[in-house]
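Before any comments, here is the structure.
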Amino acid sequence: MNQLQQKIISAYKNRFSNKPIVVCAPGRVNLIGEHTDYNSGFVLPASIDKAIFLAMSKNDLGIIRLHSVDMTPDYVEIPVSENYTKSEISWSNYIIGVVDELKKAGHKIEGFDCVFGGDVPIGAGLSSSAALEGGVAFGLSHLYDLNLSKLEMTKAAMQAENNFVGVNCGIMDQFASLHGKKDKVIKLDCRSLEYEYYPFSWDDIRILLCDTKVRRTLDGSEYNNRREQCEKGVQIIKEKYPEVETLRDVTHRQLESEKDKMDDVIYARCLYVLNENKRVLDACQDLVNEDLIGFGDKMYESHRGLKKNYEVSCRELDALVDATKELNSVLGARMMGGGFGGCTINIVKLEKLEETKAAIRDYYKKKMGIEPDFHVAKIGSGTHLVSKSIETESIENQI
Ligand code: GLA
């Protein structure tokens, strides 16, 4: 049992007396395919070895009792209800949002206790909130014998974020956290929800995350605004091509033919999405060919599109990507996630990892006056049960 797990279990024992199950719910990275999920496009994420652990058990009190090991205020009690409302304790909304979605789907969720915490940096773009939501769906399915599939858990987790937390996110983060596999990236078609695993493991390569230390939460209106701009583009194209439902259905030729009917910003947003979808497919082919140089080039192109056409980057993210341009130890770098802060993702040669970090640190410090944080992410298993009850401590990796 790792230290983190132990910490969560002892926090649980200090507060509650029932025997909990323990769920491990990882954060995620996304190699390529940004802002494509809510446009029914392609993404290429993976779950990582940084996770939230949740110790959970039912209680007979008709109360949901929640304790966060890392956040303040750290405790909240919410009566089981037919009508949940958003709380001022923002972290509790990720949990109650899932309860509310499961209730809407006809599942009866009574009182339970949950203690959680982990090492997914919060607000860094590694989807700590999706991990929590997915972990809660997984844990409740287990406690209440709901027999939910991982896809059903994913949907409940995403809808919790959309309907309860109020962020209109796509499906990628929750999907990746729940469905990840060790050493594999997931090519997910966000329209059909078909997915395929591609190997992503090389002894001499590491995934390096460079944290700008700039924190912008997703409920900032920019994210929802990008979604609306894409929908606006679809509306315009649809007038001429009624078969078009989302940007996924739009060809470059169709977009060009309708360009004059839309303002430049809408055109740029649509163009980025079309290009990014193609880049994901091409990048998957690079993985099949073991061409990490080609793969890395597409990451740089993705960043350029996100910066210039989609305009979700920021000076700090650009500086971290620029810092790598002269480094031949870095095969690819780009901003990752919603944007406006958080981390860049970099594919780096292991033998030069330390000097790469030092060069990025120097560049960023000079340019921005801040020390970046670094995380080396290993691709780990998706959400799974770590122990059925802390007494038996049976390790059950459901991969
Ligand atoms: C956030 C959202 C995802 C996705 C990314 C951008 O992480 O939660 O659904 O849209 O931004 O690719």
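Note that ligands are numbered from 1 as they come in the structure, with each ligand's atoms numbered from 1 the same way. Small disclaimer: the values here were computed from a predicted structure and weren't measured.
Against a heavy-atom cut-off of under 4.0 Å, Gly337 is close to the following atoms of ligand 1: 6 (C), 11 (O). Close approach of ligand 1 to Cys169 (heavy-atom distance below 4.0 Å) involves ligand atoms 2 (C), 8 (O), 9 (O). Remark: ligand 1 atoms within the under-4.0 Å shell around heavy atoms of Gly170 are 9 (O). Ligand 1 places these atoms under 4.0 Å from at least one heavy atom of Met172: 4 (C), 5 (C), 12 (O).
Relative to the ring axis of Tyr300, Arg334 does not place its NZ or CZ within 45° and under 6.0 Å from the centre. With Tyr267 as the aromatic partner, Lys259 meets the cation-pi criteria of under 6.0 angstrom to the ring centre and within 45 degrees of the ring axis.
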Atom pairs and distances, side-chain donor-acceptor, residues 201-210, under 3.5 Å, sequence neighbours left out:
residue: Trp202; atom: NE1; partner: Glu290; partner atom: OE1; Å: 3.4
residue: Arg206; atom: NH1; partner: Asp203; partner atom: O; Å: 3.3

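Comment: Glu101 engages Lys104 in a salt bridge, judged by a side-chain N to carboxylate O separation of less than 4.0 angstrom.
Smallest separation of non-hydrogen atoms from Pro20 and Ser57: CA-CB, 3.9 Å. Asp211 and Ala124 make their closest contact through OD2-CB, 3.6 Å (heavy atoms, listed as atom of the first residue, atom of the second, distance).
Where the criterion is an N or O separation shorter than 3.5 Å, residue side chain and backbone included, Gly338 meets it with respect to ligand 1. Not a single N or O atom of Tyr38, backbone or side chain, sits closer than 3.5 Å to an N or O atom of ligand 1. Here's the thing with Asp37: one of its N/O atoms is less than 3.5 angstrom from an N/O atom of ligand 1.
The closest approach between Arg28 and ligand 1 falls below 4.0 Å for a heavy atom of the residue.
Of the candidates Asn168, Leu126, Asp173, Leu306, Asp173 brings a heavy atom nearest to atom 2 (C) of ligand 1.
Ring pair Tyr197/Tyr195: centre-to-centre distance below 6.0 Å.
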